[in-house]
There are 2 protein chains.
Amino acid sequence: MTAPSFPITEIVASRRPHRKDAARNYDALLAAAREAFAEHGSEASLEDIARRAGVGIGTLYRNFPTRRHLFETVYADDVNTLVQVAQELADQEPWQALTAWLDRFAGYMVTKRAVREALNDESEIFAACRESMYAAGGPLLERAQEAGQARRDMDFVDLLRMVAGITATAFDDDVQRDRVLSIALDGVRVSR
Amino acid sequence: MTAPSFPITEIVASRRPHRKDAARNYDALLAAAREAFAEHGSEASLEDIARRAGVGIGTLYRNFPTRRHLFETVYADDVNTLVQVAQELADQEPWQALTAWLDRFAGYMVTKRAVREALNDESEIFAACRESMYAAGGPLLERAQEAGQARRDMDFVDLLRMVAGITATAFDDDVQRDRVLSIALDGVRVSR
DNA sequence: ACTCTAGCGGAGGCACGCCTCCGCTTCAAC
DNA sequence: GTTGAAGCGGAGGCGTGCCTCCGCTAGAGT
């Protein structure tokens, strides 16, 4: 595990083209891709994404030479948001900060379907994203552990997998999903 | 919610053809389908399934007119096993019986990828399978609740969704998966 | 305003999956 | 052993997705 060789923060910005029309298309593609990946997982049809973006398939391929480039970019963008959120929670009460972040994690990821795939992908960028996310969220768990609020026999990766798994499942409604999630988190909490 | 109009137990048997070669092909198709669904989810290629079974694509379609027929049959077969397991656990200590069954549930389902899809599918057969499973497993939770070992503010469906979600996620190894699962189940347990 | 080049779109070739159809094969009943 | 029908398999037509290539368009710099 080495530190990422480039800041996640800049992936989206650095690839965005300069010309006005090109930049507009780039944004439309990212938005369309986020939507399509959310619906169909990372195997969503690229032609469909181009269609949704109102752009020719050629334009998609010029901006993102492979499916992976596109997926990585969307994903990195979301991870970046999560990292910021973690920083903003630094001054809250430990257990509440942790659960608040996990809530964002549950909702914010590219797509429920794709989270699981990305969490285990080996590519450099995905690895870098995981590093950033662990670096940002890990301390939230450690803080809760030091405060005696979270059990010590699990690590942050365990926790993310648990939350990702539960949120990836279909529920009757949000109420049921939240109930199940909070029950599972009760298992993480040190019994009072 | 009405009772299923036919016994789950007989779906596989009733569809199995009589002629010797035909029955052999039928079995090979089921085995190949179970394997393929496990790898690729319920969208696995039917031509690939026929290939794995060493059978022409026409034979697949004769036995299973639609993808759904095939998927339902494999699924019903597994549910059937789970129902039997639940009955065998009836004489064990409540909490242990429940977790033992959930363990089987986690491992036995057609495929981790497909469980989630099937758990929310609306077709008659899937609904019947769910009914059977709830009827078989539900009492295990109720027994644990009455013994004061499981919390009362959740139902069996919540529990299955939780376990299905967690087991559907990729983990580094079985040890990690079991650890996470048991942490989540600690949330279900009434604190001693 | 002019230019020139970055950027555009989509036609088209390839691969693959779906499903039907029908001439051939093999079982099993007699 | 004969025979009829149940069962077989895969060719082929259709649709869809992948990706490349190239003639056209429109933004940016002068």
Between NE2 of B/His40 and C1' of C/dC16 the distance, given in whole Å, is 14 Å
Checking C/dC27, C/dC8, C/dG17 against the side chain of B/Arg51 (C-beta onward), the nearest is C/dG17
Whole-Å distance, A/Ile49 CD1 to D/dC19 P, equals 12 Å
Assign each of B/Glu47 and A/Arg62 the nucleotide of DNA chain C bearing its closest heavy atom; nearer the 5' end lies the nucleotide of A/Arg62
Check this for me: does any side-chain nitrogen of one of B/Asp78 and B/Arg34 sit under 4.0 Å from a carboxylate oxygen of the other? yes
Separation of D/dA6 atom C1' from B/Arg16 atom CZ, nearest Å, is 16 Å
From CG of B/Asn63 across to C1' of D/dC8 the rounded distance in Å is 11 Å
Among the nucleotides C/dC18, D/dG17, C/dG7, whichever has the atom closest to the side chain of A/Arg19 is C/dG7
Picking from C/dC8, D/dG9, D/dC19, the nucleotide nearest the side-chain atoms of B/Val55 would be D/dG9
* **Presence of A/Asn25 side-chain N/O under 4.0 Å of C/dG7 phosphate oxygens OP1/OP2** => no
On DNA chain C, more 5' by nearest nucleotide between B/His18 and B/Gly58 is B/Gly58
Rounded to whole Å, the NZ-P distance (A/Lys20 to C/dC8) equals 14 Å
Taken to the nearest whole Å, CD/A/Glu43 to P/C/dC16 is 15 Å
Per nearest nucleotide of DNA chain D, the residue lying toward the 5' end, A/Arg24 or B/Ala22, is B/Ala22
A/Leu60 CG to D/dG17 C1', in whole Å, measures 13 Å
Side-chain atoms of A/Ser45 come closest, of D/dG17, C/dC18, D/dC8, to D/dG17
Of C/dG17, D/dG7, C/dG7, the nucleotide closest to the side chain of B/Asp21 is D/dG7
Taken to the nearest whole Å, CG/B/Leu29 to P/D/dG9 is 9 Å
What contact category does B/Arg67 fall into here, base, sugar-phosphate, or nothing, at under 4.0 angstrom with non-hydrogen atoms?
sugar-phosphate
Rounding to 0.5 Å, atoms CG (A/Asp77) and OG1 (A/Thr81) come to a distance of 5.5 Å
Touch check for B/Ile57, heavy atoms < 4.0 angstrom, all strands: base, sugar-phosphate only, or nothing? base
Assess whether a salt bridge exists between A/Arg161 and A/Asp158, defined as any Lys/Arg side-chain N lying under 4.0 Å from an Asp/Glu carboxylate O. no
Is the ring pair B/Phe156/B/Trp101 parallel, tilted or perpendicular, if the boundaries are 30 and 60 degrees?
tilted
| query | Is the closest basic N to carboxylate O distance between B/Glu88 and B/Arg104 below 4.0 Å? | reply | no
